[in-house]
Amino acid sequence: MGFPLRDVNEVLERLPMPLAGRASLVCVEGLGGAGKSTLAVAMAEARADICVVHGDDFYGPEERDWRSWSPRDGYQRYFDHRRLERELLQPLRAGLLARFQRYDWPTNTLGEWIDIRPQGIIVVEGVYLLRQWLRPYWDFSIYVDTPRELRQHRLYARGENDEGWIARWTAAEDYYEAAEQPEQTADAIIKGY
């Protein structure tokens, strides 16, 4: 899986230049298996001034009752976006060093500390990042639009989760799409492959 160089270059040409003393904050959004991480990494490989932060670093820690969550609950609770706002977006927007603990998947706890300097372009890739209350932080936003069948195939191919988890995850994303309409609010839409 990858993105044609022309698509990556098109995105790079549209990115806002950072202002003195402050980073540009760029959101790469898409649903599970869309290719968000792949696009973000391709952008960082093409430009030395791009730093990538993965939305998965702000997952959980997972609660025991997640199997009983409604699609709305999943949308609201899979990720700790208040922590992302408080520890990453607010400091960077203020021109300050951001410091957060990355979620550690094997232990289901917060792990190593990560420092992000307020310089260059900070690309934050993940799902649910174009919810209305986070939109004002983004200087530019990209939605990776990938067909559902391909996204589902990728989720199963990863072998990380069972069919029940994938069904709950997909229902939460469907809720998010209907409630927030992220594709309609993005500055750019890139077709996922």
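Sequence positions, counted from 1, serve as the residue numbers for this chain.
- Using a distance-only test at 3.5 Å, with no hydrogens or angles considered, no donor-acceptor pair links the side chain of Ser141 to the main chain of Cys27.
- With Glu85 as reference, Arg82 is the one residue of Arg83, Glu87, His81, Arg82 to meet the side-chain contact (heavy atoms from CB on, under 4.5 Å) rule.
- With sequence neighbours excluded, the residues satisfying side chain to side chain contact (heavy atoms under 4.5 Å, CB included) with Thr170 are Arg148, Gln152, Ile166, Asp174.
- Contact detail for Ala34 and Val144: the closest heavy-atom pair is O-CG1, 3.3 Å.
- The closest side-chain heavy-atom distance from Glu183 to Ile189 is below 4.5 Å.
- Using a cut-off of 4.0 Å between Lys/Arg side-chain N and Asp/Glu carboxylate O, Arg131 and Glu180 are scored as not salt-bridged.
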Would you mind writing out the side-chain donor-acceptor pairs for residues 118-125 within the sub-3.5 Å range, not counting sequence neighbours?
residue: Glu125; atom: OE1; partner: Ser37; partner atom: OG; Å: 3.2
residue: Glu125; atom: OE2; partner: Ser37; partner atom: OG; Å: 3.0
residue: Glu125; atom: OE2; partner: His54; partner atom: ND1; Å: 2.5

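- For Ala188 against Phe140, the heavy-atom pair with the smallest separation is CB-CZ, 3.9 Å.
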- Audit row: Leu97, Ile116, side-chain contact (heavy atoms from CB on, under 4.5 Å) steps and yes/no: CA-CA 6 Å; Leu97 177 76; Ile116 305 292; 5.8 Å; no

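- By the 6.0 Å and 45° rule, Arg99 stacks over the aromatic ring of Trp113.
- The local environment of CD in Gln132 is sparse, with at most 12 non-hydrogen atoms from other residues, nucleotides or ligands closer than 6.0 Å.
- For residues 167-190, the ring-ring contact (aromatic ring centres under 6.0 Å, His included) pairs, not counting sequence neighbours, are Tyr75-Tyr175, Tyr75-Tyr176, Tyr78-Trp169, Phe79-Trp169, Tyr128-Tyr176, Trp165-Trp169.
- Side-chain atoms of Leu92 and Leu88, non-hydrogen and from C-beta on, do get closer than 4.5 Å to each other.
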- What do the steps show when you test Glu163 against Arg168 for salt bridge (charged side-chain N to carboxylate O under 4.0 Å, His left out), and what is the final call? CA-CA 9 Å; Glu163 189 172 332; Arg168 282 186 289 280; over 6 Å; no

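- Arg86 has its side chain out of reach of Phe100: every pair of non-hydrogen atoms, C-beta onward, lies at least 4.5 Å apart.
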- Task: Give the C-alpha distance, both sets of side-chain angles, the deciding distance and a yes or no for side-chain contact (heavy atoms from CB on, under 4.5 Å) between Ile142 and Val11.
- Result: CA-CA 8 Å; Ile142 302 159; Val11 168; 3.2 Å; yes

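- A donor-acceptor contact closer than 3.5 angstrom links the side chains of Asn108 and Tyr103.
- Residues Leu12 and Met17 are members of separate hydrophobic clusters, defined by side-chain heavy-atom contacts under 4.5 angstrom among Ile, Leu, Val, Met, Phe, Trp and Tyr.
- No continuous path of ILVMFWY side-chain contacts below 4.5 Å connects Leu96 to Trp138, so the two sit in separate hydrophobic clusters.
- Between Val41 and Leu39, every side-chain heavy-atom pair lies at or beyond the 4.5 Å cut-off.
- Grouping the Ile, Leu, Val, Met, Phe, Trp and Tyr side chains by contacts below 4.5 angstrom, directly or via other members, places Leu150 apart from Val28.
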